2 protein chains.
Amino acid sequence: MERVTMADVAKEAGVSKSTVSQFLNNRFEYMGEKTKIKIEEAISKLGYQPNYIARSLKQKRTSMVGIIVANIMHRFSTEVSRAIEDFFHKHDLHAIVCNADDDPLKEKKYIEMLRAKQVDGLIIFPTGHNTDLYKSMIKEGYPVVFMDRKVSHLEAFSVVTDNLESTYQAIRELINRGNQKIAFAVQPLTISTRIERLEGYKKALLDSGFEINPDFVLEASISEMKKRLDKLFLLKDRPTALFAANDRVFLEVVEFLQIKGIKLGSEIDLIVFDNIPFAHLIESPISFIIQPAFEMGNKAAELLFDQINKTDAGPKEFVFPSKVLFR
Amino acid sequence: MERVTMADVAKEAGVSKSTVSQFLNNRFEYMGEKTKIKIEEAISKLGYQPNYIARSLKQKRTSMVGIIVANIMHRFSTEVSRAIEDFFHKHDLHAIVCNADDDPLKEKKYIEMLRAKQVDGLIIFPTGHNTDLYKSMIKEGYPVVFMDRKVSHLEAFSVVTDNLESTYQAIRELINRGNQKIAFAVQPLTISTRIERLEGYKKALLDSGFEINPDFVLEASISEMKKRLDKLFLLKDRPTALFAANDRVFLEVVEFLQIKGIKLGSEIDLIVFDNIPFAHLIESPISFIIQPAFEMGNKAAELLFDQINKTDAGPKEFVFPSKVLFR
DNA sequence: TTGAAAGCGCTAACAG
DNA sequence: CTGTTAGCGCTTTCAA
């Protein structure tokens, strides 16, 4: 396979390799009509397929960009990827998705392999644990856009949502609805989104004149979460509302409530920060904070595209507001 | 960027390019210990990163496989991709995902680009409209596995689920539960899964002594689906159960029922053939047919891996049973 | 145990 | 308007 090469086409058409190359790259300015036709015929006769590897070696471009998602099963990631794909498809670049699986080592491996494979740029949902690598890419001027999570102490192109602000609004609304006791469940504070959401929660409470009750802040890994919820609901002073900081936490919370037979709405208000598929089909009165994934993906793609073409200018950080959907 | 090349390392270490190459490929058999150390030092000093494009050009391998999903927003696709990724990660190959977006042209473009980029093999969720392309790949002996959908008249490696059988079981169960009037909603019958599911539906009805009521078979595009549902529910003889042939149809159905205020469970039984995220959180009495995505992905990866290594043998088609979850 | 040399298939000046 | 030439960065005989 991949037997026939440019040289074969050239011989078949009775021209030189470079003329064929011109043809392939649509440089028709100075090409004779007959030459063109001869080459066309030779190509289809031989079933010639260009070898882009060879071209890339020469051009040092691959017309390919990489997306490294933290978790391909995460709805937000797929929505963003879809938008990025759309953008680049329009601009004749190919987008490929790699799954870092929330594993810094895998992330590193994929970054290195994509760079070694000479992809023209990278959009990364950073695990946050490869700062040196991020830094070196940026220092080298390699096109990169960070998505969803901020990387501290790094002046880089990034597209995120207003985690703090949206959470703040949501918590304020819960308070306005009469909730005095609001709990907050989050995974370990290793990435910016979680930290900012927690800050929004705290700020809203303080601004409303409440204190932060440490018993109401559940910071735990997924495997620990149910235990922590159990403790929470054994308190004599049970919360009346619960904020799940992302979809995985949400899943644990709902499973927990189902097991315990705690009724959503009547016994507890639930709100989740994440894009949940089929969310609007869920009949329970759950509220959602939804990130504008398509807009964010599109902006990230645009930022990357401009870097690749050295036309980037203007601000580096874009913050998109999320939508708070109360029910 | 990508400034330092093998020649630089060679010069720095005071050896020749080929010795560095040997080193990089772990051919230590005849290499002196001091040489090894010198090269190691040179590499880290210069921060050398090998250029895999150049290597691939020579070796005609990229250690990269492609996954072309029909739709990256489809839960089943992401679950399968995740499993494939895991498998290849263990075997030191990289998996990249491309989104054909249910568009045969995009599919063709991605197949061609991935092949031109010399990926070592492809796992495809076929749109079904590029038969010639599929055929030529197989004829050339290029490693391919088809996933989810069958391609007719093609003896190829494929991994699918038992669409007909699972649907048959599900419909029989609905009948056993006393449903006499069961409707079936499906998108246009352009791919095998839809056709087989419809066949399962018909067979189950006939085997139970019912006739096929054409008014109860809604074959329509997503944009037409609600209209068709409207007509269906205006019949004096309303169905008591409805089968949604996949997640997109399911979405339309549930939205429709919500709009019309038709109550699930009491007024209509609903069953959907697809992996729905958070399905178990949906409190409405909806039944699901769930494909074993991880097992299927793993098997597909294995089949591709064996083809790449020319160790493929045994059967070419694998059919995995889906699980019917009644509620 | 290491190095020289010949490509892999294509592109990009520069001549002609 | 088309051909010659010189690589891109790496691998791989084959000699030394």
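These numbers come from a predicted model, not from an experiment. So that the names make sense, note that chain A is the first sequence line, chain B the second, and so on, each numbered from 1.
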Enquirer: Report yes if a side-chain nitrogen or oxygen of A:Thr5 is closer than 4.0 Å to either non-bridging phosphate oxygen (OP1 or OP2) of C:dC8; otherwise report no.
Expert: no
Enquirer: Between P on C:dG3 and NZ on B:Lys11, what's the gap in Å once rounded to a whole number?
Expert: 15 Å
Enquirer: A:Asn26 has an atom CG; how far is it from atom C1' of C:dT11, in whole Å?
Expert: 14 Å
Enquirer: Whole Å only: how far is the CD1 atom of B:Ile39 from the P atom of D:dC10?
Expert: 13 Å
Enquirer: A:Val20 near the nucleic acid: base, sugar-phosphate alone, or nothing, with a heavy-atom cut-off under 4.0 Å?
Expert: nothing
Enquirer: Applying a 4.0 Å non-hydrogen cut-off, can you work out what B:Met31 is touching in the nucleic acid: base, sugar-phosphate, or nothing?
Expert: sugar-phosphate
Enquirer: Which comes earlier along DNA chain C counting from the 5' end, the contact point of A:Ser21 or that of B:Gly14, where each point is its nearest nucleotide?
Expert: B:Gly14
Enquirer: Set out, in order, the CA-CA distance, both residues' side-chain angles and the distance that settles salt bridge (charged side-chain N to carboxylate O under 4.0 Å, His left out) for A:Asp86 and A:Lys90, then state yes or no.
Expert: CA-CA 6 Å; A:Asp86 278 357; A:Lys90 280 185 214 128; over 6 Å; no
Enquirer: Hey, are A:Lys109 and B:Asp92 close enough for a salt bridge, meaning a charged N less than 4.0 Å from a carboxylate O?
Expert: yes
Enquirer: Once you round it to whole Å, what is the distance between P of C:dT2 and CZ of B:Arg27?
Expert: 15 Å
Enquirer: Give a yes/no answer on whether the side chain of A:Tyr48 brings an N or O atom under 4.0 Å of OP1 or OP2 in C:dC10.
Expert: yes
Enquirer: Between C:dA4 atom P and B:Met6 atom CE, what is the distance in whole Å?
Expert: 13 Å
Enquirer: Polar atoms only, N or O, under 3.5 Å: list the protein pairs with nucleotides 13-16 of chain D and their distances.
Expert:
none

Enquirer: For the pair made of CG in B:Asn25 and C1' in D:dG9, what is the distance, rounded to whole Å?
Expert: 13 Å
Enquirer: Can we say A:Lys299 and A:Glu302 salt-bridge, meaning some charged N sits less than 4.0 Å from an Asp/Glu carboxylate O?
Expert: yes
Enquirer: How are the rings of B:Phe146 and B:Tyr134 set relative to one another: parallel (under 30°), tilted (30 to 60°) or perpendicular (over 60°)?
Expert: perpendicular
Enquirer: The criterion is salt bridge (Lys or Arg N to Asp or Glu O under 4.0 Å); which residues satisfy it with B:Asp132, sequence neighbours excluded?
Expert: none
Enquirer: Taking all heavy atoms of A:Ile138 and all of A:Ala156, pick out the closest pair and write down the distance.
Expert: CD1-CB, 3.4 Å
Enquirer: With respect to A:Asn275, which candidate in A:Arg75, A:Glu79, A:Gln291 satisfies the side-chain hydrogen bond (donor to acceptor under 3.5 Å, both in side chains) definition?
Expert: A:Glu79
Enquirer: Are A:Glu107 and A:Thr127 linked by a side-chain donor-acceptor pair shorter than 3.5 Å?
Expert: yes
Enquirer: Would you please confirm or rule out a distance under 4.0 Å between OP1 or OP2 of D:dG3 and any side-chain N or O of A:Ser16?
Expert: yes
Enquirer: Measure from CG on B:Leu24 to P on D:dT11 and round the result to the nearest Å.
Expert: 6 Å
Enquirer: For a quick test of reading the model, state the closest non-hydrogen atom pair linking B:Pro143 to B:Gln307 and the distance between them.
Expert: CA-OE1, 3.3 Å
Enquirer: Atom pairs under 3.5 Å, N or O on each side, protein against nucleotides 6-8 of chain D: can you list them with distances?
Expert:
unit_1 : atom_1 : unit_2  : atom_2 : d
D:dG7  : N2     : A:Lys58 : NZ     : 3.0
D:dG7  : N3     : A:Lys58 : NZ     : 3.0
D:dC8  : O3'    : A:Lys60 : NZ     : 3.0

Enquirer: Provide, to the nearest angstrom, the distance between the NZ atom belonging to B:Lys117 and the C1' atom belonging to C:dC10.
Expert: 14 Å
